[in-house]
S.K.: 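One structure coming up, written as structure tokens, with questions to follow.
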2 protein chains.
Amino acid sequence: MAPRAAAKQIKTDTTRVVSDLETLIGYNMKRAYVAIQKDFRAALGEGGLSPRTFSALSLVVAHPNISQSSLARMLGIERSGLVAIIDELERRNFLTRSVVPDDRRIQALVATSDGQLAYHDTLATVQAHEDRLLADLSASDKETLMQLLKKIRLTDKEGL
Amino acid sequence: MAPRAAAKQIKTDTTRVVSDLETLIGYNMKRAYVAIQKDFRAALGEGGLSPRTFSALSLVVAHPNISQSSLARMLGIERSGLVAIIDELERRNFLTRSVVPDDRRIQALVATSDGQLAYHDTLATVQAHEDRLLADLSASDKETLMQLLKKIRLTDKEGL
DNA sequence: GCAAAACTGTTTACCTACTTAACAATATAC
DNA sequence: GTATATTGTTAAGTAGGTAAACAGTTTTGC
């Protein structure tokens, strides 16, 4: 063995070794998501919606009278986990739980006009945040990325 | 307005509306990451390493004698959050905290031979899990995805 | 030389975003 | 009409962190 390299290693330890970790899609995906999420929260500020609350509101706006069960299925989470999210949106007067006469188990979720306004405002802010953060990516890069992410999403049988 | 469509909406509500949510990179990234993470855990089973523990071990193997501070910086987390991870790896005899005479603040992390063995085993399992999960993606798709994810990672100034 | 500042590992308390298991109310199946 | 399923909900637990403070130990600035 060559003694020249060995001596350096002991002290410096600043070897530019690219670990196996960097070659894994999962690890890079997590780090990329953390970066996006951090910027999302920064863009929406102190009183802004969290990513999950925004997602829920978005689906309620897109699907008026949706039930909590359907919504949870769409979001890929458990019904029980959705309760706190809907509680928050109701507390902020962004939606209402309204009674459905046909089936009294269900409470149809409907966005209020406040909720619709807040949603469209927030959506614009979120789109601006993504445009800014991903400014280095070309339009076709973004499209490619989107397609690949959707393909990976679909590998999860549960997540509709 | 056309009355034919309106009547249907009230009851069915199963409109195939693609919400704005589906057009956001951040949302799709989260869903894709959740799918990968779920499969990672399933692949490693009950007694297997968690993603974060595996990541830490990987970097300790790649960078012998690394400090906890450097490691935390590499992982993009706080020093305090790393303690529990290193505790677990030490408890499993996968690494040791060894004293550094030059600087008594630091504890050099070194993977044991058990740790190296477990790491290489686990790495093979993780690679198999990604190969299986991402079997629908071509090699060039994976390379493209990797490059895009790394680019997005770098938008986070903190995360080295 | 030496006080001030910085760095390291750690504990503690907290937070977010879930899951699992149970439950009552209600609806559907057979 | 009983058995089964579904809905929303609560309670308890888990995963993966952050922020603030601390003692012990260097490093800086002069």
Side-chain angles (χ1 to χ4, degrees), chain A residues 13 26-27 30-31 33-35 37-38 40-42 44 46 48-56 60 65-90 95-109 156 158-159, chain B residues 13 26-27 30-31 33-38 40-42 44 46 48-56 60 65-91 95-109 156 158-159:
Chain A
D13 186 76
Y27 181 70
K30 177 177 186 172
R31 296 295 301 264
Y33 175 62
V34 167
Q37 205 209 26
K38 198 191 269 185
F40 179 109
R41 287 179 192 281
L44 265 60
E46 206 43 28
L49 299 174
S50 59
R52 68 182 195 154
T53 310
F54 171 74
S55 302
V60 172
N65 293 309
I66 195 174
S67 72
Q68 288 191 40
S69 279
S70 308
L71 183 50
R73 235 172 287 129
M74 279 191 191
L75 289 169
I77 64 174
E78 295 298 315
R79 302 194 308 292
S80 58
L82 186 58
V83 175
I85 301 173
I86 301 301
D87 282 350
E88 183 193 339
L89 287 170
E90 194 181 35
L95 59 74
T96 57
R97 289 164 153 119
S98 69
V99 172
V100 175
D102 305 9
D103 188 338
R104 288 191 304 181
R105 293 171 301 183
I106 296 176
Q107 296 172 328
L109 302 176
D156 190 358
E158 266 58 271
Chain B
D13 186 75
Y27 181 70
K30 176 175 188 175
R31 297 296 301 264
Y33 175 63
V34 167
I36 293 181
Q37 205 209 26
K38 198 190 269 184
F40 179 110
R41 290 179 190 281
L44 265 59
E46 207 42 29
L49 298 175
S50 60
R52 66 179 197 161
T53 311
F54 171 74
S55 302
V60 172
N65 294 309
I66 195 174
S67 70
Q68 289 192 39
S69 279
S70 306
L71 183 50
R73 235 171 288 129
M74 279 192 191
L75 289 169
I77 63 174
E78 294 298 314
R79 299 193 311 289
S80 59
L82 186 56
V83 175
I85 301 174
I86 300 301
D87 283 350
E88 182 193 340
L89 287 169
E90 194 181 36
R91 183 171 39 76
L95 59 75
T96 58
R97 289 165 153 119
S98 70
V99 172
V100 175
D102 305 9
D103 188 336
R104 289 190 303 180
R105 293 170 300 183
I106 296 175
Q107 295 173 327
L109 302 176
D156 190 358
E158 265 57 271

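The sequence lines fix the lettering, A, B, ..., with proteins before strands; numbering per chain opens at 1.
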S.K.: How close or far is atom C1' of C:dT16 from atom CG of A:Leu82, stated in whole angstroms?
M.R.: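 My rounded result for the distance is 15 Å.
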S.K.: Grab the CG-P distance between A:Leu109 and D:dT7 for me, whole Å please.
M.R.: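 So the CG-P distance, A:Leu109 to D:dT7, works out to 13 Å.
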S.K.: What is the per-nucleotide protein-contact pattern of nucleotides 12-17 of chain D, from the 5' end, where B denotes a base atom under 4.0 Å from a protein heavy atom, S denotes such proximity for sugar-phosphate atoms only, and - denotes neither?
M.R.: ---SSS
S.K.: Distance from A:Ser69 atom OG to A:Leu82 atom CG, nearest 0.5 Å?
M.R.: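 A:Ser69 atom OG to A:Leu82 atom CG measures 9.0 Å (nearest 0.5 Å).
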S.K.: Provide, to the nearest angstrom, the distance between the CG atom belonging to A:Leu71 and the C1' atom belonging to D:dT7.
M.R.: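 Checked: the CG to C1' distance equals 13 Å.
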S.K.: Could you state the interatomic distance from CD (B:Gln37) to OH (A:Tyr33), rounded to the nearest 0.5 Å?
M.R.: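 Answer rounded to 0.5 Å: 11.5 Å.
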S.K.: From CD of A:Glu88 over to C1' of C:dA17, roughly how many Å is that when rounded to an integer?
M.R.: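 Taking CD of A:Glu88 and C1' of C:dA17, I get 12 Å after rounding.
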S.K.: Using the C1' atoms of five pairs at each end, what's the angle between the two axes of the helix from C:dG1-D:dC30 to C:dC30-D:dG1, to 10 degrees?
M.R.: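 Helix axis angle between the two ends: 30°.
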S.K.: Give a yes/no answer on whether the side chain of A:Arg97 brings an N or O atom under 4.0 Å of OP1 or OP2 in D:dG8.
M.R.: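 No, because none of the side-chain N or O atoms of A:Arg97 sits under 4.0 Å from OP1 or OP2 of D:dG8.
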S.K.: Could you tell me whether the side chain of B:Leu71 reaches within less than 4.5 Å of the side chain of B:Ile85, counting heavy atoms only?
M.R.: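 The answer is no; the side chains never approach within 4.5 Å.
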S.K.: Take atom CG of A:Leu75 and atom C1' of C:dT19, then tell me their distance rounded to the nearest Å.
M.R.: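 So the two atoms are 15 Å apart, to the nearest Å.
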S.K.: Could you check whether any side-chain heavy atom of A:Arg52 comes within less than 4.5 Å of a side-chain heavy atom of A:Ile77, counting everything from C-beta outward?
M.R.: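 In short, these two side chains do not touch, never coming nearer than 4.5 Å.
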S.K.: At what distance, to the nearest 0.5 angstrom, does CD of B:Glu78 lie from CZ of B:Arg73?
M.R.: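 So the gap between those two atoms works out to 11.0 Å.
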S.K.: Grab the CD1-C1' distance between A:Ile86 and C:dC18 for me, whole Å please.
M.R.: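 Atom-to-atom, A:Ile86 to C:dC18, this comes out as 15 Å.
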S.K.: Can you find a pair of side-chain heavy atoms, one from B:Val99 and one from B:Gln107, that are under 4.5 Å apart?
M.R.: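 With C-beta onward as the side chain, the pair stays apart.
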S.K.: To the closest 0.5 Å, what do you measure between CG (A:Asp87) and CG (A:Leu95)?
M.R.: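 The distance works out to 9.5 Å.
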S.K.: Could you check how far CG of A:Leu89 sits from P of C:dA17, rounded to whole Å?
M.R.: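 A:Leu89 atom CG is separated from C:dA17 atom P by 12 Å.
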S.K.: Calculate, to the nearest 0.5 Å, the distance between atoms CD1 and CZ belonging to A:Ile106 and A:Arg97 respectively.
M.R.: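 It is 14.0 Å, given to the nearest 0.5 Å.
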S.K.: Please give me the minimum heavy-atom distance between B:Ile36 and A:Gly26, naming the atom from each residue.
M.R.: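 B:Ile36 and A:Gly26 have their closest heavy atoms at CG2-CA, 3.9 Å.
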S.K.: Output the distance between atom CG (A:Asn65) and atom OG (A:Ser98), rounded to the nearest 0.5 Å.
M.R.: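 Result: 6.0 Å between the selected atoms.
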S.K.: Do the non-hydrogen side-chain atoms of A:Arg79 and A:Gln68 ever get within less than 4.5 Å of each other?
M.R.: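 A:Arg79 vs A:Gln68: side chains apart.
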S.K.: How would you summarise protein contacts on nucleotides 3-8 of chain C per nucleotide, using B for base, S for sugar-phosphate only and - for none, with heavy-atom distances below 4.0 Å?
M.R.: ----BB
